[in-house]
*Asks:* 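One structure, pasted below without further comment.
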Number of protein chains: 2
Amino acid sequence: MPAETPDLRVRTWSPVCRAVALLLGPYAEVVLHDTATDRVLAIWNPMTTRAPGDPSLLGELDELDPSAPDVYGPYEKLLPDGRRLSSVSAVLRDEAGRASAVLCVNLDRGPLEQAAALLTNFAAPTAPRPEPLFERDWTERMNDVIGGHVRAQGRPLERFTREDRLAVLRELDEAGVFAVRRAVPAVATALRISRSTAYALLAELKHPAGPRKD
Amino acid sequence: MPAETPDLRVRTWSPVCRAVALLLGPYAEVVLHDTATDRVLAIWNPMTTRAPGDPSLLGELDELDPSAPDVYGPYEKLLPDGRRLSSVSAVLRDEAGRASAVLCVNLDRGPLEQAAALLTNFAAPTAPRPEPLFERDWTERMNDVIGGHVRAQGRPLERFTREDRLAVLRELDEAGVFAVRRAVPAVATALRISRSTAYALLAELKHPAGPRKD
DNA sequence: GTCCGGCTCGGACGCTTCGTCCAGAGGCTT
DNA sequence: AAGCCTCTGGACGAAGCGTCCGAGCCGGAC
């Protein structure tokens, strides 16, 4: 993606990144992270709006521990718009063996799962869903709830109605998500609304005597 | 399948049976049962060795009950060779409205399930999640952890040593409890220590190069 | 077109909570 | 007694929280 960058790491790994991005078509993004600054170095085929320079948000990969593995995953990630990703990460090292970057490949499993669901549901006996839905941290829960509504409404996040957002916030509130620090701004961002609007909608939930009319 | 039969029912329903058998390819069989004799009237695309005249083996469909539905299923059937079928049945009636035959369509779900498994397993996550983080009412969790240590140490809360408190705080921290608003003062109270001490101990956890000496 | 009501937005404000620091008060051992 | 360690309440700046306001952006009514 970047025209020409003076960064040696980008020049070194760019070909393989481009190749992977090309192979996995539109359903995978490839991200190169800077371990030192914890920011995005370069990104190919981005699925979100992340751009070089943005914070990476990937936890510390403990590259100081020599016994730590170089490759992680595949593990699951959830996007606010409901897409489910399979992600792998690799620690990239320079000639001296020092970790200098982290490569992440995020594959959208949505289309595959959709096809699989189509097949399993085709003429299937009406059976209860074996979905355990185990515990995750609140950020995952948030993406889960939002994604669930996206799928349920069949609407992309940008075309959510006011009621959709209210429903999402109600569910998250009942799940106790807003007891967590910094949860409100995070949810607002994920919902693509401003912090102000988020608080306004939340107030409306506790305060049904709002300006709403039916 | 049958060449020409004098049976009115077979002549009546044969076209739709042939059509369904054709549509569902090699993976479905269509069977027409005689309700009176409980025997196979005709069969298209058979998956087993059943032939016209064989006993139907289909359970009582209770066609005497006028409130019983006309269509059953889809329900699951198992074949001796392990194939899993999805089956639907329909009660067929003559002009007078009397049940005269039962149509069964048996679809082999095996190939579909195989394909579905292939898709779901493609690039599926194998690692759980690196984050064990928070969920469930944290106040309950807190009491749980503290109570566990009290029992494990056999010491009442007032006689806890510094290390005991450190251990409790470490466990709660790893459980992500302190991501919750107002959690630190609450834990401090529960541990019978001051807010200051709680923060001091927490700082010591993150900063093992503290004033501690051993 | 103009107006208007509803909604969202960013920015700003005051208040609460967070996390740190410090001086003092015990309680150990020596 | 002194020295050392730890806990404590109080105080502080920084950060986060929640509310409010004026400005823009529609979409419908006129």
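A note on names: the letters A, B, ... follow the listed sequences, proteins ahead of strands, and every chain is numbered from 1.
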*Asks:* Looking just at side-chain N and O atoms, do Ser100(A) and Arg9(A) make a donor-acceptor pair shorter than 3.5 Å?
*Replies:* no
*Asks:* Using a distance-only test with no angle check, is there a side-chain donor-acceptor pair under 3.5 angstrom linking Asn106(A) and Glu29(A)?
*Replies:*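 Yes, because at least one side-chain N or O of Asn106(A) sits under 3.5 Å from a partner of the opposite role on Glu29(A).
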*Asks:* Mind checking side-chain hydrogen bond (donor to acceptor under 3.5 Å, both in side chains) for Thr197(A) and listing every partner two or more places apart, or none if nothing turns up?
*Replies:*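 Expected list: Ser194(A).
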*Asks:* CZ of Arg165(A) versus P of dT8(C): gap in Å, rounded?
*Replies:*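 Roughly 6 Å, once rounded to whole Å.
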*Asks:* What residues form a salt bridge (Lys or Arg N to Asp or Glu O under 4.0 Å) with Asp164(B), not counting sequence neighbours?
*Replies:*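 Listed in chain order: Arg155(B).
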*Asks:* Any donor and acceptor pair, going by atom type alone, linking the side chain of Asn45(B) with main-chain N or O of Ala28(B) inside 3.5 Å?
*Replies:*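 It does hold such a pair.
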*Asks:* Can you give one letter per nucleotide of nucleotides 18-26 of chain C, going 5' to 3': B for a protein heavy atom under 4.0 Å from the base, S for sugar-phosphate only, - for none?
*Replies:* SBBB-----
*Asks:* Where does DNA chain C pair, written as one dot-bracket string 5' to 3', with Watson-Crick or G-U pairs under 3.5 Å, ( ) inside the strand, [ ] for crossing pairs and | for another strand?
*Replies:* ||||||||||||||||||||||||||||..
*Asks:* What's the CZ-P distance between Arg192(B) and dT8(D), to the nearest Å?
*Replies:* 12 Å
*Asks:* What are the atom names and distances for every N/O pair under 3.5 Å that joins the protein to nucleotides 27-30 of chain C?
*Replies:*
none

*Asks:* Looking only at heavy atoms, what is the nearest atom pair of Ser89(A) and Val102(A), with distance?
*Replies:*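 What the structure gives for the nearest pair is CB-CG1, 4.3 Å.
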*Asks:* Does a salt bridge link Arg165(A) with Glu204(A), judged by any charged N lying under 4.0 Å from a carboxylate O?
*Replies:*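 Not counted as a salt bridge, because no side-chain N and carboxylate O are separated by less than 4.0 Å.
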*Asks:* Just the rounded figure in Å: distance from C1' of dC7(C) to CD of Glu204(A).
*Replies:* 11 Å
*Asks:* Distance alone, cut at 3.5 Å: any donor-acceptor contact between the side chains of Arg18(B) and Ser14(B)?
*Replies:*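 Per modelled atom types, Arg18(B) and Ser14(B) side chains form a pair under 3.5 Å.
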*Asks:* I need the CG-P distance between Asp164(B) and dT6(D), as an integer number of Å.
*Replies:* 14 Å
*Asks:* Examine dC7(D): is either OP1 or OP2 under 4.0 Å from a nitrogen or oxygen in the side chain of Thr197(B)? Give yes or no.
*Replies:* no
*Asks:* Could you state the atom-to-atom distance from CZ of Arg159(A) to C1' of dG27(D) in whole Å?
*Replies:*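 Result: 17 Å.
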*Asks:* Return the CZ to CG distance between Phe160(A) and Leu166(A), rounded to the nearest 0.5 Å.
*Replies:*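 Taking CZ in Phe160(A) and CG in Leu166(A), the distance rounds to 11.5 Å.
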*Asks:* Once you round it to whole Å, what is the distance between P of dT6(D) and CZ of Arg162(B)?
*Replies:*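 Result: 5 Å.
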*Asks:* Output the rounded distance in Å from CD1 (Ile193(A)) to P (dG6(C)).
*Replies:* 20 Å
*Asks:* According to side-chain contact (heavy atoms from CB on, under 4.5 Å), who are the partners of Val20(B), at least two apart in sequence or on a separate chain?
*Replies:* Val16(B), Leu24(B), Val30(B), Val105(B)
*Asks:* Can I get a per-line list of side-chain donor-acceptor pairs under 3.5 Å for residues 168-186 of chain A, giving both atom names and the distance, sequence neighbours left out?
*Replies:*
unit_1: Glu171(A); atom_1: OE1; unit_2: His149(A); atom_2: NE2; d: 2.8

